[in-house]
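So that we are looking at the same thing, I have put the structure below in structure tokens.
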Amino acid sequence: MEIVFNNGVLYFNSFFAVTIGILVLFVGRRLNAAFKPLQEFSIPEPVTGGILFSLLIALVYVTTSIEIEFNLAARDVLLVYFFTTIGINASLKDLLKGGKPLLVLLAITIGYMVLQNLTGISVAKLFGLDSAVGLLGGSVSLIGGHGTAIAWAPRIGEEFGISNAMEIGIASATFGLILASLMGGPIAKFLITRYQLKPNKDEQLDIGISNTEGNEQITGFDFLDAIFAIHICAIVGFILNEAISELGLQLPLFVTCLFAGIVITNLIPKSLPRISGTKWPSRKPAIALIADISLGTFLAMSLMSMQLWTLVDLAGPIFAILSAQFIVAVLVNLFIVFPAMGKTYDAAVVCSGFGGISLGSTPTAMANMSAVSQRYGNSHQAFIIVPLVCAFFIDLANALIIPYFLANF
């Protein structure tokens with residue numbers, strides 16, 4: 001455990017980063033409890049706390065010139081935990097049932113990625129900027145997120161002579177993450193209220209435990225059994241990831257852990273004896289609790305670590321591009337995604353997730369849906385199809401779409 005101050009940078013290692021992340025989550029929870037509009041619009045608690053802390057850290061920099069940085073290695077472990085729990089909760093029956101909605105959402109998302117790039121390029125040209133700048137403000141950084149922006153920015157900068165390509169990509173991804181975090185809940189509230197939507201049945205939450213479920217006791221062994229199952233799936237996911245890498249295909253570790261959870265859950269017979277003496281913990285409260293903790297802390301750490309002062313110089317063009325992208329995302333969500341998904345309660349929850357996908361990241365989508373589900377009721381279908389679309393297919397589609405736009409626009 002260490003805190004280091006060197007050359008104007010205050011550095012916190014992983015232990016302190018996680019600790020502060022938990023604090024951020026608590027602060028977000030208290031703020032959401034104190035301000036009713038945050039609850040009404042289902043703003044995720046880690047988003048509330050994370051944005052506040054990132055603003056405070058920016059204020060520290062502006063007033064003292066001291067940068068605050070965090071070691072975020074533990075954050076990536078939390079992401080693996082979270083998506084492994086989603087895989088463990090997935091049954092083959094649900095996957096087959098979600099087949100058509102999954103394909104519909106995937107088709108819409110791929111079409112939207114093309115539209116997102118066209119929007120970014122169009123606005124960039126209005127400012128007299130290269131088309132590649134618009135692409136950096138499109139699927140490279142928004143649907144792609146920070147990882148894709150970091151991966152593609154050097155190549156785009158070198159090929160098109162854009163010296164600040166990395167800064168543009170990171171800035172777009174960061175602002176997009178904030179907008180995505182604030183978009184999903186209000187869209188879901190609008191749809192649920194306007195169409196008077198309710199869940200078809202009372203389902204246990206995929207992420208977190210509602211107040212009515214809180215009376216169900218989770219023992220220490222329940223918690224350990226869930227952790228043990230997650231670790232088994234994560235080990236298989238790691239082996240699978242290494243095997244895929246040998247074939248030349250690079251996938252994030254959390255994606256292969258998600259699939260490992262799905263495969264193991266659906267291959268293990270329910271009657272198989274386990275050393276813990278209990279059944280495989282699929283859809284058990286302990287799994288839902290771990291999912292809630294890992295996702296909330298991950299997102300809190302992601303948002304609190306944003307260095308907002310690095311984005312000021314790029315605010316003008318990026319603000320214009322993101323404003324246009326925000327409007328397009330909202331319109332696509334309301335007039336394409338919701339009707340195509342059936343105008344049901346499940347469709348409204350999917351829309352909250354699509355709000356996270358469109359401008360942010362997979363964890364943002366899941367946090368949006370979690371906040372909506374905890375307020376209005378669970379939608380297991382949404383928690384099956386949305387992560388499959390945004391955790392796997394988007395990266396593959398983007399790997400084809402980005403080179404096409406670079407070559408033709």
Side-chain angles (χ1 to χ4, degrees), residues 37 40-44 47 51 105 107-129 131-145 148-149 168-195 311 314-341 343 347-362 364-365 367-369 371-372 386 389-390 394 397-398 401-402 405 409:
E40 287 293 325
F41 291 101
S42 300
I43 305 301
V47 172
I51 292 177
L105 184 62
I108 292 172
T109 303
I110 292 174
Y112 171 75
M113 293 167 74
V114 174
L115 178 60
Q116 188 172 73
N117 285 334
L118 292 174
T119 301
I121 290 171
S122 300
V123 177
K125 286 185 175 180
L126 289 176
F127 279 83
L129 301 173
S131 297
V133 174
L135 194 60
L136 285 167
S139 71
V140 171
S141 62
L142 299 181
I143 273 190
T148 304
I168 293 172
I170 294 298
S172 298
T174 302
F175 282 134
L177 188 67
I178 295 172
L179 290 174
S181 301
L182 300 175
M183 183 199 304
I187 285 178
K189 175 181 170 58
F190 169 76
L191 293 172
I192 290 169
T193 303
R194 179 173 181 177
Y195 294 98
L311 313 179
L314 302 165
I318 289 176
F319 179 78
I321 291 173
L322 289 181
S323 295
Q325 297 286 23
F326 181 81
I327 293 171
V328 170
V330 171
L331 293 176
V332 168
N333 220 339
L334 294 177
F335 296 107
I336 298 179
V337 177
F338 184 63
M341 298 304 294
K343 293 188 175 182
V349 179
V350 168
C351 285
S352 72
F354 188 84
I357 300 172
S358 57
L359 299 178
S361 64
T362 307
T364 309
N368 285 349
M369 293 196 301
V372 172
V386 169
V389 169
C390 59
I394 278 181
N398 225 5
I401 290 173
I402 293 172
F405 271 88
F409 289 86

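Note that this is a predicted model, so its numbers are computed, not measured.
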So if I apply the side-chain contact (heavy atoms from CB on, under 4.5 Å) rule between Leu179 and each of Leu359, Leu142, Thr174, which one comes out positive?
Leu359
A side-chain contact here means heavy atoms from C-beta on lying under 4.5 Å apart; do Ile192 and Val372 qualify?
yes
Going through the checks in order, is the side-chain contact (heavy atoms from CB on, under 4.5 Å) test met by Phe338 and Ile187?
CA-CA 10 Å; Phe338 184 63; Ile187 285 178; over 6 Å; no
Reported OG1-to-CG distance for the pair Thr148 and Asn398, which is rounded to 0.5 angstrom
5.5 Å
Which residues satisfy the side-chain contact (heavy atoms from CB on, under 4.5 Å) test with Ser172, sequence neighbours excluded?
Ser141, Ile168, Ile318
Taking C-beta and beyond as the side chain, do Leu129 and Pro317 meet within less than 4.5 Å on heavy atoms?
yes
Indicate the ring-plane relationship of Phe354 and Tyr112, choosing parallel, tilted or perpendicular according to the 30° and 60° boundaries.
perpendicular
For residues Ile143 and Ser358, report the shortest heavy-atom separation together with the two atoms involved.
CG1-O, 3.6 Å
Tightest non-hydrogen contact, residues Gly176 and Leu322, listed as N-CD1, 4.1 Å
So, Ser181 side chain and Val47 main chain: donor-acceptor pair closer than 3.5 Å or not?
no
What one should report as the nearest heavy-atom pair of Gly145 and Ala173 is C-CB, 4.1 Å
Looking only at heavy atoms, which two atoms of Met183 and Gly355 are closest? And how far apart?
SD-CA, 3.6 Å
Nearest 0.5 angstrom please: Thr364 OG1 to Leu177 CG, how far?
4.0 Å
Can you see which heavy atom on Gly184 is nearest to which on Ser352, and at what distance?
O-CB, 3.4 Å
Please tabulate, for side-chain N and O atoms in residues 325-337, each donor-acceptor pair with protein atoms closer than 3.5 Å (sequence neighbours left out).
{"unit_1": "Gln325", "atom_1": "NE2", "unit_2": "Gln116", "atom_2": "O", "d": "2.8"}
{"unit_1": "Gln325", "atom_1": "NE2", "unit_2": "Gly137", "atom_2": "O", "d": "3.0"}
{"unit_1": "Asn333", "atom_1": "ND2", "unit_2": "Cys351", "atom_2": "O", "d": "2.9"}

Return the OG to CG distance between Ser139 and Leu115, rounded to the nearest 0.5 Å.
11.0 Å
Which heavy atom of Leu135 sits nearest a heavy atom of Ile121, and at what distance?
N-CG1, 4.1 Å
